Amino acid sequence: MFSERLKRLSPYVPGEQPQDKTYIKLNTNENPYPPSPEIRDLLRDFSIERLRLYPDPQSKVLCQTIAKAHNVDVEQVFVGNGSDEVLSFVFYAFFDSAMGKLLFPEFTYSFYPVYCDYYGIDYKKIQLNDDYSLSTEGFLNETSCGIIFPNPNAPTGILFPIKKIEQLMKKYPKDRVVVIDEAYIDFGGESAIGLISRFKNLLVARTYSKSMSLAGLRLGYAIGDEKLINALVAAKDSFNSYPVDTLTQKIGEVAIKDSAYYEKINGKIIKTREFLTSELKSLGWEVLPSTANFIFMRKKGLPGKEIYLTLKKNGLLVRYFDIDGIKDFVRITIGQQEDVETLLGKIKKLDTG
Ligand SMILES: *Cc1c(COP(=O)(O)O)cnc(C)c1O
């Protein structure tokens with residue numbers, strides 16, 4: 001009854017979204033602040049008559065608005081239902097094992113191997129340095145069909161500096177695509193979008209889910225050379241040519257224009273991250289240097305699973321990975337300041353048993 005294709009799959013496991021009781025949710029990197037208040041005005045004035053018609057299949061106005069926000073041409077923008085969908089088209093359109101394996105870091109976003117399984121792409125995980133940072137050599141040492149990594153990386157939170165991206169792009173073959181997944185770039189890193197005019201094989205993926213506080217909306221986009229964007233459009237139109245719904249297109253336009261609001265809330269997240277990091281360090285925790293809206297931390301003698309379970313019992317959800325090499329870490333999403341203070345109280349008790 002089931003295809004061999006299906007039997008081979010190993011589906012992605014997202015962080016839990018329990019409905020049983022209210023937890024302080026610090027496990028899935030959602031933004032703790034509400035999205036732009038401009039969206040409320042839009043919804044109040046939105047005419048339901050517009051839902052009678054199909055959406056614009058090209059999301060033209062949304063692409064124009066995104067292009068303007070990033071100072072690129074509209075032909076350099078592609079939008080999809082969350083960056084996960086954008087990435088699914090990326091894997092389909094650019095990565096082909098006949099040209100070599102796809103390379104990504106050994107500890108990274110766990111959706112990448114899932115898409116590789118789905119599309120039959122061979123991949124190789126590149127070892128991180130001892131301090132968990134990315135190593136450029138690893139990406140250049142062998143023939144590959146492409147490279148993908150989040151920047152900053154997840155779940156480590158460590159940024160790969162823009163200078164190093166530039167060096168990598170100079171050395172990497174021009175006929176293979178490098179994808180930088182900038183899901184967390186707005187929390188303190190420098191975007192690679194400024195490099196796309198120089199490197200036609202560089203694609204940057206973005207999401208509205210984290211820094212724009214719209215994970216429930218499902219909107220993401222990619223920015224790159226027009227040829228890459230056209231390839232993504234061809235992949236999309238061979239699958240479902242009406243991907244982003246009318247209301248989401250409108251909300252996406254309004255949200256990305258309100259950069260002043262987002263700078264304010266994300267600035268607060270950065271401040272809370274720095275506060276939490278320094279408090280934890282003074283309690284003897286090792287915290288990897290993060291430019292994301294989460295931190296990755298451990299303490300000698302405390303297995304990640306134990307930290308996770310004890311915090312859960314105390315009403316706080318964090319993420320722990322049952323993966324060799326990072327089992328002693330937990331990843332904690334930066335919440336509002338008072339959530340983080342509650343967390344710190346519980347963590348102090350963890351220490352004393
Ligand atoms: C959250 C996340 C995504 C997915 O974002 P959506 O737009 O919600 O699909 C992609 N890549 C990384 C690294 C992420 O952390």
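None of the values given here were measured: they were computed from a predicted structure. As the structure lists them, so they are numbered: ligands from 1, and atoms in each ligand from 1.
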**Report entry** Neighbour count above 12 (heavy atom, 6.0 Å) for K312 NZ
**Finding:** yes
Query raised in the report: For atom 13 (C) of ligand 1, what is the nearest protein heavy atom, given as residue, atom name and distance?
Result: D181 OD2, 3.3 Å
Report task. Run the ring-centre check on F321 versus F329 and record whether the distance is less than 6.0 Å. Result -> no
Query raised in the report: Applying a strict 4.0 Å limit to heavy atoms, is F111 in contact with ligand 1?
Result: no
Query raised in the report: Does a side-chain N-to-carboxylate-O contact under 4.0 Å join D328 and K299?
Result: no
Query raised in the report: Which ligand 1 atoms are under 4.0 Å away from a heavy-atom of G82?
Result: 7 (O), 9 (O)
Query - Aromatic centroids of Y112 and F104 separated by under 6.0 Å - result: yes
Query raised in the report: With a 4.0 Å heavy-atom cut-off (strictly under), which part of D84 contacts ligand 1: side chain, backbone, both or neither?
Result: both
Query raised in the report: Could you state the interatomic distance from CG (D96) to CZ (R176), rounded to the nearest 0.5 Å?
Result: 9.5 Å
Report summary line: For K210, the ligand 1 atoms with a heavy-atom partner under 4.0 Å come out as 1 (C), 2 (C), 3 (C), 14 (C), 15 (O)
**Report entry** Proximal atoms of ligand 1 relative to T207 (non-hydrogen, under 4.0 Å)
**Finding:** 5 (O), 6 (P), 7 (O), 8 (O)
Requested in this report: Indicate yes or no: at least one non-hydrogen side-chain atom of L203 is less than 4.5 angstrom from one of V178.
Outcome: no
**Report entry** Neighbour count >12 (heavy atoms, 6.0 Å) for atom NZ, K300
**Finding:** no
**Report entry** R218 heavy atom under 4.0 Å from ligand 1
**Finding:** yes
Query raised in the report: Taking heavy atoms and a distance under 4.0 Å, where does S83 meet ligand 1: side chain, backbone, both or neither?
Result: both
**Report entry** Nitrogen or oxygen of Y208 less than 3.5 angstrom from that of ligand 1
**Finding:** no
Requested in this report: Give the residue, atom name and distance (to 0.1 Å) of the protein heavy atom nearest atom 15 (O) of ligand 1.
Outcome: Y184 OH, 2.5 Å
Query raised in the report: Strictly under 4.0 Å, does any heavy atom of S209 approach an atom of ligand 1?
Result: yes
